[in-house]
Amino acid sequence: MQTKDLELLSEETLLSRIDKSQLPKHLAIIMDGNGRWAAKRHLPRIAGHKEGISAVREIVTFARELGIRFLTLYAFSNENWNRPTTEVSQLMRLLGLYLKKELKTLMADKVCLKAIGQIDRLPKPVAALLSSVEEKTSQNKEMTLTLALSYSGRSDIVDAVHNVCKDIQDQKISLNDLSETVFSNYLHTKEIPDPDLMIRTSGEIRVSNFFLWQLAYTELYFTNTLWPDFRRKEFLIALLNYQSRERRFGKVSHKGKS
Ligand code: FPP
C-alpha cells in the first residue's frame, strides 16, 4: 500500500497492521524542519525546537511501547555549532531542560540514555547533566535511546582511525587484526547495532554527515512532514513502509528473481 493510501487509515488500523516481529531493531532519525515549522506560523525558530521536543517525547514513548530496542536521534550535528550563537545557546538550554524533566520518565519506562559525539564541546553543565542521566539510566533494559550531539559521521570515522592507529602504535592490536568488525568497535556506536531504518523528516533527501559507516545496509525513509508534526500516525506509516521492503544485503531476492 502506498503512503498516500496509508494516510487515509486511522492510527488504530495502522497499528493493527504492524508486524511486531519485524520491527527495526535500531531506528535512527534525522529530526529536521523545526525552523520551517516555526516560520510557517510566524514564530521564532526556538518555538519550532520546543515543539520538536514534544515530538521527541511522543516518539520515544511510542517506540518503546512498540518494542523498538534502539532509537537514535540526531539532535545536534558538528555543523550546527555554526548557527547563530543565540540559537545554539537556546538549543543547549532546551537540551538541559529536557534531560532534567525526562529523567523520571526514562526511569519509569526503563529507557537507558546514551550520548554520542564530541560531548566535551557541549557547555559543561549540559555535559555533566548528560553524564549523570547516562549513569542513572545505565541499568535500564527496555530501550536504548541514543542522542547524537555534536556528532558527525566523518569525525566519528576520523576519531576511530586515530584510535586504531594509536592502538597499533602501542601494540595493543596488530595491523593484520584490522577488519570491519574490529573497526566498528572503535566508532562512537560500538555498543549499538547498525540501524535497520533511518527516517529523515522535512523533505530533505540527504544524509547530512550523520551515520556514514553505519548506514551501509540501512533502509532509508524520507517524508515531507516537518519534525514537530511527526507524531504516532506518521511513525506507524514509516514503519509499515519499512515492513513492506525486502532487505537483501547484497544477496539475491527470496521472491524467485532469476
Ligand atoms: C533541525 O531543524 C533540528 C535541529 C537542528 C535540532 C533538533 C533538536 C530538537 C528536536 C530539540 C532538542 C532535542 C532533544 C533530543 C532534547 P532545523 O532547525 O534545521 O529546521 P529547518 O531546517 O526547518 O530550519
Side-chain angles (χ1 to χ4, degrees), residues 23-32 52-53 55-80 91-92 94-96 98-103 105-107 109-122 126-157 159-160 183-201 207-221 227 230 235 238-239 242:
L23 288 168
K25 185 171 181 192
H26 179 191
L27 165 65
I29 307 183
I30 301 182
M31 308 179 290
D32 197 9
I53 291 202
V56 166
R57 288 205 171 90
E58 188 166 320
I59 296 304
V60 170
T61 304
F62 197 31
R64 187 200 57 82
E65 279 170 16
L66 285 170
I68 289 175
R69 299 302 311 282
F70 296 88
L71 173 65
T72 299
L73 302 177
Y74 197 17
F76 195 86
S77 71
N78 262 345
E79 291 73 25
N80 287 153
L91 272 168
M92 292 299 141
L94 280 183
L95 175 63
Y98 169 82
L99 292 169
K100 273 190 199 146
K101 260 180 114 173
E102 222 50 23
L103 178 61
T105 313
L106 295 173
M107 292 308 287
D109 291 348
K110 299 192 172 50
V111 175
C112 165
L113 184 125
K114 286 189 185 301
I116 55 166
Q118 298 177 336
I119 303 304
D120 53 353
R121 290 185 73 186
L122 299 178
V126 177
L129 197 54
L130 257 180
S131 118
S132 134
V133 175
E134 279 188 290
E135 217 269 311
K136 287 183 177 129
T137 62
S138 63
Q139 298 307 312
N140 292 345
K141 301 271 187 264
E142 282 281 306
M143 183 174 85
T144 298
L145 168 64
T146 304
L147 299 183
L149 290 163
S150 192
Y151 177 87
S152 87
R154 285 186 175 179
S155 66
D156 192 359
I157 292 169
D159 289 349
F183 187 77
S184 298
N185 283 322
Y186 282 85
L187 293 165
H188 289 267
T189 47
K190 59 178 177 293
E191 284 161 4
I192 49 180
D194 286 345
D196 302 290
L197 171 65
M198 189 204 80
I199 296 173
R200 182 175 186 150
T201 58
V207 171
S208 295
N209 210 356
F210 186 33
F211 286 158
L212 298 181
W213 170 279
Q214 297 86 342
L215 290 179
Y217 282 103
T218 303
E219 296 296 323
L220 307 178
Y221 178 85
W227 174 251
F230 191 85
F235 188 46
L239 291 177
Y242 165 78

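Basis for what follows: all heavy atoms, side chains included, without hydrogens, waters or symmetry-related copies. The first residue in the sequence is number 1, and the count goes up from there.
- Atom CE of residue M143 and atom SG of residue C112 lie 10.0 Å apart, to the nearest 0.5 angstrom.
- The OG1 atom of T72 sits 2.5 Å away from atom NE2 of H26, with the distance rounded to the nearest 0.5 Å.
- The distance from atom OG1 of T218 to atom CD1 of I199, rounded to the nearest 0.5 Å, is 12.0 Å.
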>> Determine whether L145 and R64 satisfy the following criterion, side chain to side chain contact (heavy atoms under 4.5 Å, CB included), listing intermediate values before the conclusion.
In response: CA-CA 9 Å; L145 168 64; R64 187 200 57 82; over 6 Å; no
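- Legend: residues meeting side chain to side chain donor-acceptor pair (under 3.5 Å) with Y242, ordered by chain and number and at least two apart, are R247.
- Residues passing the side-chain contact (heavy atoms from CB on, under 4.5 Å) test with L187, sequence neighbours excluded: D156, I157, A160, F183, T189, W213, Q214.
- With no hydrogens or angles considered, a side-chain donor-acceptor pair links S208 and R200 at under 3.5 Å.
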>> Between R57 and Y98, is the side chain to side chain contact (heavy atoms under 4.5 Å, CB included) condition met? List the steps.
In response: CA-CA 9 Å; R57 288 205 171 90; Y98 169 82; 4.1 Å; yes
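- Formation of a donor-acceptor pair under 3.5 Å by the W227 side chain with backbone atoms of G52 is found in this model.
- What you find for P24 and L197 is that their closest heavy atoms are CB-CB, 4.1 Å.
- The side-chain contact (heavy atoms from CB on, under 4.5 Å) check on K136 picks up L103, S132, with sequence neighbours excluded.
- With sequence neighbours left out, the side-chain contact (heavy atoms from CB on, under 4.5 Å) criterion links L130 to L99, L113, A115, I119, L122, L149.
- Nearest heavy-atom pair across M198 and F210 is SD-CD2, 3.8 Å.
- N209 contributes a side-chain N or O that, together with a main-chain N or O of R154, makes up a donor-acceptor pair within less than 3.5 Å.
- I116 contributes atom CD1, which lies 9.5 Å from atom OH of Y74 (distance to the nearest 0.5 angstrom).
- Scored by the side chain to side chain donor-acceptor pair (under 3.5 Å) test, N78 finds R121, S150, S152, S155 as partners (sequence neighbours excluded).
- Here the two rings, on F211 and Y151, have centers that are under 6.0 Å apart.
- A 4.5 Å side-chain heavy-atom check between D194 and Y217 finds every atom pair outside the cut-off.
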>> Assess the residue pair D109 and V60 against the criterion (side chain to side chain contact (heavy atoms under 4.5 Å, CB included)); give the C-alpha distance rounded to whole Å, side-chain angles, the decisive distance to 0.1 Å, and a yes or no.
In response: CA-CA 10 Å; D109 291 348; V60 170; over 6 Å; no
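- Rounded to the nearest 0.5 Å, atoms CG (L106) and CD (E134) are 11.5 Å apart.
- Listed by first and then second residue, the side chain to side chain donor-acceptor pair (under 3.5 Å) pairs involving residues 137-149 amount to none (not counting sequence neighbours).
- Taking CG of L66 as the reference point, atom CG of L239 lies at 6.5 Å (rounded to 0.5 Å).
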